[in-house]
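Convention: sequence-line order gives letters A, B, ...; per-chain numbering from 1.
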Amino acid sequence: LAELEQLVENHAKATDRDAPHQGLPGGRLALPILLAVGFLTLIALSLASIWLHERAQQDAERTIAAHALEAKLVSLLLNLRRAESSQRGYLLSGDPRFLLTHRLAIDDVQPALAGIEAALANNPVQREAFASMKPQVIEKLDELGETTRRYDAGDTAGAIALFKSGTGRQSMENISAIVERMQEEGERQLALESAQYQQTTRIVLVAELSGAALIVVVALMSLVLSRRLMRAMRTAQQELRDNNAALESTVAERTRYLLEANNEIQSFASIVSHDLRSPLVNIMGFTSELETFRKDIFERLAALRAQASGQDVVNDDAELGGEFDEAIEFIKGSIGKMDRLINAILVISREGRRNLRAEPVDMTALVRAVADEHMHRALEIGAEIIVEPLPAMTIDRLAIEQVFSNLLDNAVKFMRADVPGRIHVKGREMLFGVVYEVRDNGRGIDPRDAERVFELFRRSGMRDQPGEGIGLAHVRALVRRLGGSIRLASEPGQGCTFTVTLPKRWIDPSADWKQQ
Amino acid sequence: MNAVNAVTIILVEDDDGHARLVEKNLRRAGVSNPIIRCADGESAVQCLFGGGCAGHLLVLLDLNLPDMSGIDILQRLKTDSKLGRTPVVVLTTTEDTIEIQRCYDLGCNIYITKPVDYVSFANAVQQLGLFLAVVQIPETA
């Protein structure tokens, strides 16, 4: 079993060792970095787009404003001209319809001026030009107003004189020049902004193109990287599968080997004990024959002594007989012991060869029945055996009965004389199986002997109880065969606890390979 | 009595000590029949099937022989047309239940385990001797 554990451990180590060189160097970091780069590029691209859009909107607004300004300038000039020409018509014909047109045109001038001024709030160059134009407009309006006023008052000559003076024409020319300049300036500003806008657009385009290219590169790299990772992963998985398969076949092989070895040991034990028994029968037989001869010998000796009948002959037959008997007793005692040991080996080897059969066992009933068998002996020494309800399991009935019988027998045997004995059997179900505990308050076992007591023919503590040191060895052999383990926790004088851990459902481990 | 005295006991036993002890105890029980000892399987086969022995036979058979298994001899004896009715007493150290079953299946008449305890051993063999004094045995054809 230990060998198998070693095998599994080595396998795990091998898997660990293989894992790193499967992946790429830094492969674990490359993909997240690429992803981050891709995301950052995308964010930058989006920001650039938003900025460009805003910028375009601003530019468009500015263009619209520039065009609106031009329209207003043209409208101002037009109104002034209309006012001028209708005034001339009025002066020539005296037709009041010209005067109406003239008044309407004049009325439109002031709002046009205000509109232009408002539009120029953020344009210092144009504002300056406008500032120089405004007095001219006012002067022109004054001239027009004065001319009309003189004409209406009947001073036609004065009106014509003012008209002829040329101040109005001069103002008009100045205004036209300034408007022209402002238009030029507006166009210049528009052209400048347009050029800037194109420049920005180009920059943003380049940036966006390189961003897109970067994203494509990142995507390609990620693709290559993930493909490589996938490949590495597949290789690793394949290797893992291979290793597992190899491990399984190794385990199967070892199991077969162990079972074969086990069978061999058992048949060896059986053969050896039979062959040992044969000479033992002779030794015992002829020793007993010797005992029979002893009677004859001593009778003959007594007869010879009687024949000799010398008073000086010392009669030491009794002493001689005693020594003879002592020797014979030792030989017979040893033979008896050897016979018991051989029998024990036979019992264990036979138990090992018996085919186990799994069946559902009501453990509470079984252990209580076993406890009843030991109750007589327990009552004699004033001990009690308490069996709590135990979890049921599927196992070989005879084997588990033997386990508890030996454990209880052991507990009853090694009680303390000074305290009332108490043997407590309890159990619980665990995730991995079933755990049973046999706890006593007897003499306990020295922790140094905790392992030794499970060995064949080994005992611990005082030798005041009969036994060959077989019971616990048998228990451990059985528990192991049932796929479980047994542990001993103890302190001298405090009693001891045997903990038996078994699988909930026993499965014959040899069944697999027997079928193959 | 004549019929019983005519019976020859074939003792198949490789261990000299065992053979001696068996013989001793049979004699103590008053068995005076001739006893032929075969120390191995080959000589037993020679004696039984090679015509070495004839008349009323009774076989005391040990199972653990150096050259062959006593079970083979038992099987051959019980399936033999001439010797098939010959009583066979298996006298061995093996007390394996499967082995015992097999011997009875093959037609063994009595199976006795040699106890290490000599008193029991002697009793067993002597009682077998007493038993032989009254048992009726058919003649080999």
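The backbone N or O of Val281(A) sits nowhere less than 3.5 Å from a side-chain atom of His18(B) that would complete a donor-acceptor pair.
Counted by atom type alone, Glu289(A) and Tyr118(B) present one or more donor-acceptor pairs between their side chains at under 3.5 Å.
To the nearest 0.5 Å, atoms CG (Leu21(B)) and CG (Asn282(A)) are separated by 6.0 Å.
Heavy atoms of other residues, nucleotides or ligands lying less than 6.0 angstrom from CD of Glu359(A) number more than 12. Annotation: Arg294(A), atom CZ; neighbour count of heavy atoms from other residues, nucleotides and ligands within 6.0 Å is above 12. Few gaps surround CD on Glu380(A); more than 12 heavy atoms of other groups in view lie less than 6.0 Å from it. Open room surrounds CD1 on Ile98(B); 12 or fewer heavy atoms of other groups in view lie less than 6.0 Å from it.
Counting heavy atoms from C-beta on, the side chains of Phe286(A) and Arg20(B) come closer than 4.5 Å.
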